[in-house]
Amino acid sequence: MYSQGLMGVEETPGGEQDLLDRFQARIDAGEKIEPNDEMPEAYRKTLIRQMSQHAHSEIVGVYPEANWVTRAPSLRRKLQAMAKIQDEFGHGLYIYSAAETLGVSREEMIGQLLSGKAKYSSVFNYPTLNWADLAVIGWLGDGAAIMNQIPLCRCSYGPYARSMVLVCKEESFHQRQGFEAMVALMDGSPEQKAMGQDAVNRWWWPIMMMFGPHDADSPNTEMGVKWKIKNFTNDELRQKFIKATVPQAKLIGIEIPDPDLRFNEETGDWDHGEIDWDEFWSVVKGEGPCNHDRITARRKAHAEGAWVLKAAEAYAAKQAARDAA
Ligand code: FAQ
């Protein structure tokens, strides 16, 4: 398992085991791995896998929100939604750039997204039915994203870790604006309160799924943790998220839609109901309620924006010719 996918290491001085030992010693010492450092091929591949999926999630993640910009309930909320969407696109570009340092091109990664081959977070394949959904995406969706991304600021790959610092600061703003919008709803009329609760009822389980399969069913966790790409497992992060969220929900009068959720005095953790893993895997496989719409929207935006890329290339060529003259 450990050495699976290690391509070319037999050509390294001392052979495969030597490289793995040297590499693990650096990881265990808390050193950052930088783009030109030697690294096992499996480390490079799993980082490209995780980082490209992460970047795609940031880009596709704006679609559920974009639906509501023109129907925001006030100018202030509209400005917040637009700023958040702009930030998410920026996060995607940061992470694509960081992934490029591993020798994969942005065109290749985007090609995989447009062809439907690449994964992105399952949560963005659910519909946003009303304004309360935006509040919940900010409060809980970004809340879950932060829980996962703060530890990534300390991950072993330097460019990924550094890109996460600004991303987490901005995600923190996103979470707060979502919570503030949620507080406003829960301070409102009975209809507004019902809207808030209904949105949480629909989003709670997709958000629990964001953390990925249980550790026992997560093929990438063992190596991810060993190489400090992941500093916590999927279940550990899900638990941290529940711990942080339960008091917030109580404060604003939201009931978490899980009848089995209860604090376990012995373990100090929250026991929770089982996630519908059949639903999770069908969404991951592309069969969720909005998978088709999301990819169609992304393909359309890519095709319609192609002229911008061409114009930028023509401009760069003109500048280069001018500099060379
Ligand atoms: N959706 O072995 P594991 C955001 C896949 S950003 C779809 O446990 P791993 C910002 C997984 O890729 C949200 N697929 O995998 C925002 C793997 O497939 P593969 C995204 C999922 O990598 C907020 C297979 O299942 N954040 O929200 C999901 O160790 C609001 C087996 O799983 C990141 O990407 C899922 N939920 O752990 C934007 C953070 N879960 O590749 C707009 C970085 C698992 O073997 C609005 N990523 N899979 O074919 C990570 O931390 C990890 O990759 C995990 C998965 C934790 C997501």
Side-chain angles (χ1 to χ4, degrees), residues 5 42 45-68 81 84-92 94-95 98-99 112 117-126 128 133-153 155 157 160-161 163-164 167-168 170-175 177-178 203 205-238 240-241 275 277 279-288 291 294:
K45 278 193 170 159
T46 202
L47 272 172
I48 291 176
R49 180 190 64 78
Q50 177 169 324
M51 291 167 75
S52 61
Q53 289 176 9
H54 190 168
H56 300 327
S57 304
E58 300 280 358
I59 302 290
V60 177
V62 305
Y63 284 106
E65 302 182 286
N67 193 28
W68 283 91
K84 179 177 189 303
I85 286 171
Q86 194 173 336
D87 288 351
E88 308 289 6
F89 276 129
H91 298 173
Y94 263 15
I95 305 168
Q112 286 169 353
K117 196 176 151 217
K119 290 194 174 72
Y120 58 86
S121 187
S122 50
V123 73
F124 302 120
N125 292 305
Y126 290 83
T128 41
D133 290 30
L134 252 72
V136 172
I137 289 176
W139 171 37
L140 299 180
D142 286 272
I146 295 174
M147 206 47 94
N148 173 285
Q149 289 171 170
I150 294 272
L152 287 174
C153 296
C155 83
Y157 190 56
Y160 195 21
S163 74
M164 280 300 116
V167 168
C168 285
E170 291 180 348
E171 296 287 17
S172 170
F173 152 72
H174 301 165
Q175 194 270 351
Q177 67 81 36
W203 285 94
W205 292 106
I207 283 166
M208 291 285 278
M209 293 173 193
M210 280 178 80
F211 296 97
H214 282 314
D215 297 347
D217 303 317
S218 161
N220 299 301
T221 288
E222 186 191 344
M223 286 318 301
V225 169
K226 183 156 187 161
W227 280 334
K228 294 191 182 164
I229 295 170
K230 291 169 91 160
N231 280 310
F232 294 97
T233 68
N234 300 355
D235 285 327
E236 285 168 349
L237 289 174
R238 196 165 13 242
K240 277 172 173 283
F241 172 75
I275 292 165
W277 295 113
E279 176 180 322
F280 170 75
W281 289 116
S282 92
V283 176
V284 171
K285 272 191 238 140
E287 294 153 15
N291 293 63
R294 302 294 181 238

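Any value given below was found using the heavy atoms of this structure, including those in side chains, with hydrogens, waters and symmetry copies removed. We count ligands from 1, going down the list as the structure has it; atoms in each ligand are counted the same way.
Contacts between Lys230 and ligand 1 below 4.0 angstrom, taking non-hydrogen atoms only, involve the side chain exclusively.
The shell of residues lying under 4.0 angstrom from ligand 1, judged by heavy atoms, includes Pro219.
The single protein non-hydrogen atom nearest to atom 21 (C) of ligand 1 is Phe280 CZ, 3.9 Å, given as residue, atom name and distance. The protein heavy-atom contact nearest to atom 23 (C) of ligand 1 is Asp142 OD1, 3.5 Å. For atom 14 (N) of ligand 1, the closest non-hydrogen atom of the protein is Val284 CG2, 3.8 Å. Looking at atom 24 (C) of ligand 1, its nearest protein heavy atom turns out to be Trp281 CH2, 4.1 Å. Closest to atom 49 (O) of ligand 1 among all protein heavy atoms lies Lys119 NZ, 2.5 Å.
Taking the side-chain hydrogen bond (donor to acceptor under 3.5 Å, both in side chains) definition, one finds that Gln112 meets it with nothing, sequence neighbours left out. Shown here are the side-chain hydrogen bond (donor to acceptor under 3.5 Å, both in side chains) partners of Gln53, two or more places apart in sequence or in another chain: there are none.
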So Asn125 and Tyr120, side-chain contact (heavy atoms from CB on, under 4.5 Å) or not? Walk me through it. CA-CA 9 Å; Asn125 292 305; Tyr120 58 86; 2.6 Å; yes
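Taking distance alone, with nitrogen or oxygen atoms compared against 3.5 Å, Asn234 approaches ligand 1 more closely than that limit. Taking only nitrogen or oxygen atoms, main chain and side chain alike, Phe211 does not reach within less than 3.5 Å of ligand 1. Considering backbone and side-chain atoms together, Tyr160 places no N or O closer than 3.5 Å to any N or O of ligand 1. Among the atoms of Gln149, none of the N or O lies under 3.5 angstrom from an N or O of ligand 1. Residue Asn148 has at least one N or O atom closer than 3.5 Å to an N or O atom of ligand 1. Residue-to-ligand polar distances place Gln53 within reach of ligand 1: an N/O pair is separated by less than 3.5 Å. Any N or O atom pair closer than 3.5 Å counts here, and Glu88 shares no such pair with ligand 1. Residue-to-ligand polar distances keep Ser57 apart from ligand 1: every N/O pair is separated by 3.5 Å or more.
One option in Tyr63, Phe89, Tyr120 has a heavy atom closer to atom 7 (C) of ligand 1 than any other, and that option is Tyr120.
Taking every non-hydrogen atom of Gly212 and a distance limit under 4.0 Å, the qualifying atoms of ligand 1 come out as 40 (N), 44 (C).
For atom 54 (C) of ligand 1, no protein heavy-atom neighbour is present inside the 4.0 Å cut-off.
Heavy-atom contacts from other residues, nucleotides or ligands closer than 6.0 Å to OH of Tyr63 number more than 12. Atom CD of Glu287 has more than 12 heavy atoms from other residues, nucleotides or ligands within 6.0 Å.
Between His214 and Trp277, the two ring planes are perpendicular [angle over 60°; tilted spans 30° to 60°].
A distance-only check finds no donor-acceptor pair linking the side chain of Ser163 to the backbone of Tyr94 [under 3.5 Å]. Counting only distance, with no hydrogens or angles, the side chain of Arg294 and the backbone of Tyr126 share a donor-acceptor pair below 3.5 Å.
Between Leu140 and Trp203, every side-chain heavy-atom pair lies at or beyond the 4.5 Å cut-off. In this structure the side chain of Val284 reaches within 4.5 angstrom of the side chain of Lys119, judged on heavy atoms.
In this model, a donor atom of one side chain and an acceptor atom of the other lie less than 3.5 Å apart for Glu58 and His54.
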